[in-house]
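What follows is one structure encoded as structure tokens, with my remarks underneath.
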Amino acid sequence: MHKKIALFGGVYSNYIALEAVIKDVKNKNVEDIYCLGDLGAFGPHPNKIFPILLKNKIKTIQGNYDNSIGNNLDDCQCGYTDPRDNYFAKLSYDYTYKNTSEKFKAWMKELPSFLKFELGNYKVLLCHGSPRKTNEFLWETTTPTHFLEKLCNDYDADIICATHTGIHWHRELNNDKHFINVGVIGRPENDGNTFVGYTELEINDDKINIQYIPVEYDYKKFAEEMRKEKLPEEFVETIITGWWTTCLEVLPGKERIKGKY
Amino acid sequence: MENKFPKVKLDSLDNLWLQVSGTICNIECKHCFNNSSPVNHSFELMTLQQCKPYIDEAVKVGVKEFYFTGGEPFANKELLQILEYTLQFGPATILTNGMLIKENTAQMLHEISTNSIYTLEFRISLDGYTEEMNDNIRGKGVFKKAMNGIKLLYEHGFLPIITVTKTWEELEEEKVLNGFIETLKENGYERPRIKILPSLKIGQEALRARGYDKYEYVNEEMMKDYDVSQLICSNTRLVSSKGVHVCPILINYPDAKLGDNLESSFKEYELKHQACYTCYIFGAICSNFSSVGRDA
């Protein structure tokens with residue numbers, strides 16, 4: 001038995017990265033591609049994402065951003081309290097909302113908030129933040145192992161995949177259970193690199209292989225388009241330098257100290 | 001009268017708070033909501049042996065984060081051992097005034113943090129960005145010692161969260177925030193993180209400013225369409241030398257003590273206090289960040 005799937009989250013309107021990731025995946029004998037949500041925000045021209053997802057039959061679940069845009073809510077539901085974070089979050093949300101077509105919004109609204117299926121002998125659960133809440137942040141340094149084991153137990157899953165935070169990680173739990181944060185493809189991981197990445201999950205005769213695959217894309221072209229749309233220079237800086245500049249309040253100390261700001 | 005207050009049940013124990021230094025503090029702030037001071041022994045220090053059973057029980061039910069408070073947690077000589085024990089299981093946050101952190105403490109904290117996969121976070125309270133403003137509320141000499149603690153933590157690889165209780169008018173917010181950022185940078189903390197807290201009008205603060213108005217209660221009607229996860233009583237318990245309480249704010253109210261072990265505290269709580277109103281209005285005021293945001 002051999003099965004391989006690809007997973008990513010956080011497209012953030014980065015259609016150039018999305019196309020680069022799909023191209024990379026297609027060379028790899030992958031059965032299905034999954035997107036764990038947050039299609040808009042941050043980048044320009046949100047409508048460009050929709051046809052690419054449909055054309056490539058990418059199975060998509062709803063992120064908090066998609067839930068907000070689809071249901072005409074006032075904000076992205078990230079829950080910032082810092083005034084500066086809120087300023088940039090609002091700017092980005094208002095731009096994305098204004099530039100998303102009604103058809104795309106209606107589609108987003110109907111996306112499922114989780115998916116469950118079997119891969120070999122593993123029961124896989126895909127969600128955006130956590131199985132219990134779309135906008136729950138599961139960071140590597142603030143998520144206890146026993147907590148993840150409880151989630152596996154409560155939701156009857158062997159492998160839980162999530163995204164939402166923007167930084168990928170994986171932890172092996174007791175009894176060959178796994179939690180995987182699959183990462184995002186819309187912006188780099190706050191480590192000074194410009195590439196983005198996705199996760200490849202492979203089951204081979206009940207052996208599991210989890211790999212994070214970095215993908216280079218034309219970030220300079222993307223930055224140029226952001227500037228043409230008059231998106232804040234702070235966002236462009238992240239794309240060009242690989243360092244996060246806004247919405248930093250949610251980062252735990254150990255993740256934050258690795259960044260520049 | 002009693003029947004009209006809404007009740008909140010514990011959805012899951014996400015946060016365990018430990019009142020490790022009781023109400024014992026090295027200083028005596030004018031706005032302290034639980035009246036901590038050098039001589040207030042209403043709640044005593046907790047030993048590692050006292051903390052362990054609660055931590056173990058919380059781990060069994062899937063707790064996500066631990067918080068340590070007081071009083072001043074560093075007044076407890078066993079704090080470092082308690083932290084070391086806790087950080088095997090999950091992330092920990094210490095609410096401190098920073099004054100008792102010396103070079104060797106900072107070094108040990110760095111080691112404890114490095115040995116864990118989890119984040120060790122510090123929240124340090126300041127009440128003004130000048131020595132005069134701060135010490136007027138927190139006491140003479142506090143500002144300099146706190147700044148020294150902040151600097152030491154930063155030098156040892158931490159990014160302490162500076163918590164500031166809101167005592168200014170809305171229009172002044174930007175000026176005040178910039179004031180804090182500049183002062184912290186000048187004092188060697190180049191990447192300050194700041195969290196603004198609402199003031200709780202109980203304890204010393206009720207005497208200093210004003211207490212609550214008569215109407216400032218939570219009622220049933222207000223709970224309609226309200227995301228209850230914003231109220232920490234839906235996901236938090238606090239343990240002290242006296243047992244388990246519903247939240248860190250209400251420890252001085254007898255009805256807020258829910259039991260002697262965690263299991264016995266997993267029951268509904270009636271929002272009958274006026275401090276519940278502040279929690280209702282501002283939401284998630286005790287957590288570092290609302291890691292679970294509003295309902296999607």
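Only a predicted model underlies this, so the values are computations on that prediction, with no experimental measurement involved. Chain letters run A, B, ... following the sequence lines, proteins first, then strands; residues in each count from 1.
Applying side-chain hydrogen bond (donor to acceptor under 3.5 Å, both in side chains) to N64(A) and the options K133(A), Q77(A), E136(A), H128(A) leaves one that passes, H128(A).
Contacts of L138(A) with chain B are made by side-chain atoms alone, with heavy-atom separations under 4.5 Å and no backbone atom involved. Only the backbone of K260(A) comes within less than 4.5 Å of a heavy atom of chain B; no side-chain atom from C-beta onward does. With a 4.5 Å cut-off on non-hydrogen atoms, R84(A) does not touch chain B at all. Only the side chain of L177(B) comes within contact range of chain A, with at least one heavy atom under 4.5 Å from a heavy atom of that chain. Looking at K254(A), the atoms closer than 4.5 Å to chain B (heavy atoms on both sides) sit in the backbone and in the side chain alike. Only the backbone of V61(B) comes within less than 4.5 Å of a heavy atom in chain A; its side chain stays farther off. Interface remark: S113(B) contributes backbone and side-chain atoms alike to the contact with chain A (heavy atom separation under 4.5 Å). Contact annotation for E173(B): only side-chain heavy atoms (C-beta onward) come within less than 4.5 Å of a heavy atom of chain A.
The two residues T119(B) and G253(A) have their closest heavy-atom pair at CG2-N, 3.7 Å. Looking at every heavy atom in both residues, F42(A) comes nearest to T96(A) through N-OG1, 4.5 Å.
Remark: Y212(A) pairs with H168(A) by the ring pair (Phe, Tyr, Trp, His ring centres under 6.0 Å) rule, at least two apart or across chains. F147(A) meets the ring pair (Phe, Tyr, Trp, His ring centres under 6.0 Å) test with no other residue; sequence neighbours excluded. Scanning for ring pair (Phe, Tyr, Trp, His ring centres under 6.0 Å) contacts around Y34(A) gives F117(A), with sequence neighbours left out.
The aromatic rings of F179(A) and W169(A) lie tilted to each other, with the angle between the two planes from 30° to 60°. Note on ring orientation: taking the six-membered ring where Trp is involved, the planes of F50(A) and F104(A) are parallel (angle under 30°, cut-offs 30° and 60°).
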Can D94(A) and K90(A) be said to form a salt bridge (Lys or Arg N to Asp or Glu O under 4.0 Å), step by step? CA-CA 6 Å; D94(A) 292 349; K90(A) 184 172 169 23; 2.6 Å; yes

Yes or no on side chain to side chain donor-acceptor pair (under 3.5 Å) for R171(A) and T145(A), after CA distance, side-chain angles and deciding distance? CA-CA 8 Å; R171(A) 194 175 298 155; T145(A) 302; 3.2 Å; yes

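Interface remark: of the candidates K150(A), Q62(A), E255(A), R256(A), R256(A) forms the most heavy-atom pairs closer than 4.5 Å to chain B. Interface remark: of the candidates H146(A), E149(A), E140(A), H146(A) forms the most heavy-atom pairs closer than 4.5 Å to chain B. By number of non-hydrogen pairs under 4.5 angstrom with chain A, the leading residue of G62(B), S116(B), P160(B) is G62(B).
Under a cut-off of 6.0 angstrom, the local environment of NZ in K267(B) is crowded, with over 12 non-hydrogen atoms contributed by other residues, nucleotides or ligands.
Within residues 82-90 of chain B, the residues that have a heavy atom under 4.5 Å from a heavy atom of chain A are F89(B), G90(B), listed by number.
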